Protein chains: 2
Amino acid sequence: MPIETLRLLADPLRAQILGLLARESLCTCHLIEETGASQTNVSNHLRLLREAGLVSSEPCGRYTYYRLRPERLRELADTLSDVADAAVANSETKRPCP
Amino acid sequence: MPIETLRLLADPLRAQILGLLARESLCTCHLIEETGASQTNVSNHLRLLREAGLVSSEPCGRYTYYRLRPERLRELADTLSDVADAAVANSETKRPCP
DNA sequence: GCAATACATCAGTTCTCGCTGATATCACAA
DNA sequence: TTGTGATATCAGCGAGAACTGATGTATTGC
């Protein structure tokens, strides 16, 4: 279901978190510091991202490291690319109105 | 701003409309029939999609034909692909906790 | 001209979802 | 073991977005 992935990516804070994690693995305290958002808020978003398979978490002492998983992003990129291809291929097709 | 494009794609009805338009150009009455949604609702969504440059509209008598524009979809697909690439490239990078 | 169809617009209602505040848990240090 | 810092969870609130209903505007057919 790429629609759920799209919904998760469409939030500014979640997008920012994923952008930060694309550069390096970070723990929650880093993400709170970088985004300026509250701890609760960041933690809630990370939960959603983890459940959707967009990030993976790795406990490290009292810290928790988060890493961006590329699989869902690639799936989505491919799907969007396919839709764009189809639009070009069928640009002349037109269903007639009765 | 791909975030606005993401937000528009994240709605089930809008996604369905774009999926239908990827196969062929359709007028509003077709989209109402195919989706089962109300005329007002479809028209409102088409307005948003048009303003965002995701579809283009062409008046044809009393009908209005809509066509899917691939540009924004490609941009988004490329952006997501780049993020996925970055995640793979920096998978070993890890910011230390103090 | 008149009725009907296709479509757009706007105000209002409903509902989803992001944010907050309070609380719980766990690890580490003194 | 007591305290502190890092993180997770949950209930409730509020802003925003989707959907509806009413209305307006063309265009076509009679």
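What you are looking at is a predicted structure, and each value in this text was computed from that prediction instead of being measured.
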query: Under 4.0 Å between a side-chain N or O of A:S38 and OP1 or OP2 of C:dT20?
result: yes
- line: To the nearest 0.5 Å, atom CZ of B:R95 lies from atom OG of A:S25 at 11.0 Å
query: Does a donor on one side chain sit under 3.5 Å from an acceptor on the other, for A:H45 and A:R14?
result: yes
query: Using a cut-off of less than 4.0 Å, is there contact between a side-chain N or O of B:T28 and OP1 or OP2 of C:dA6?
result: no
query: Has the side chain of B:T35 got a donor or acceptor atom that lies under 3.5 Å from a matching backbone atom of B:L31?
result: yes
task: Would you please confirm or rule out a distance under 4.0 Å between OP1 or OP2 of D:dA8 and any side-chain N or O of A:Y66?
output: yes
query: Any donor-acceptor pair under 3.5 Å linking the side chain of A:N44 with the backbone of A:T40?
result: yes
query: Rounded to whole angstroms, how far apart are CG on B:N41 and C1' on C:dA8?
result: 13 Å
So which protein N/O to nucleotides 10-15 of chain C N/O distances come out below 3.5 Å?
none

query: Over how many whole Å does the gap from B:I32 atom CD1 to C:dA6 atom P extend?
result: 9 Å
message: Please report the distance, rounded to the nearest Å, between CG in A:L26 and C1' in D:dA6.
response: 15 Å
message: In this structure, how many angstroms lie between the C1' atom of D:dA17 and the CG atom of B:L6, rounded?
response: 17 Å
message: Measuring to OP1 and OP2 of D:dA17, would you say a side-chain N or O of B:H45 lies under 4.0 angstrom away?
response: no
Pairwise N/O distances under 3.5 Å, protein to nucleotides 28-30 of chain D:
none

- prompt: Mind checking whether A:E71 and A:R74 have side chains closer than 4.5 Å, heavy atoms only?
  reply: no
- prompt: Which residue, A:Q39 or A:L48, contacts DNA chain C at a nucleotide closer to its 5' end, judged by nearest heavy atom?
  reply: A:L48
query: Can a side chain N or O of B:R7 be found less than 4.0 Å away from OP1 or OP2 on C:dC17?
result: no
query: Would a 4.5 Å heavy-atom cut-off, applied to side chains only, mark B:C97 and A:Y65 as touching?
result: yes
- prompt: Between atom NE2 in B:H30 and atom P in C:dT5, what is the gap in whole Å?
  reply: 16 Å
- prompt: Separation of B:Y63 atom OH from C:dT5 atom P, in whole Å?
  reply: 11 Å
message: Treating A:N90 as the side-chain partner and A:A86 as the backbone partner, does any N or O pair qualify as donor plus acceptor under 3.5 Å?
response: yes
- prompt: Looking only at atom types and distance, does a side-chain atom of B:S91 sit under 3.5 Å from a main-chain N or O of B:V88, one as donor and one as acceptor?
  reply: yes
- prompt: Do B:L8 and B:E4 come within less than 4.5 Å of each other through their side chains, counting heavy atoms only?
  reply: yes
B:E33 CD - C:dT5 P separation (whole Å): 15 Å
task: Mind calculating the distance between CG (B:L46) and P (C:dT9) to the nearest angstrom?
output: 11 Å
- prompt: Contacts to DNA chain D from residues 11-24 of chain B, heavy-atom cutoff under 4.0 Å, which residues?
  reply: B:D11, B:L13, B:R14
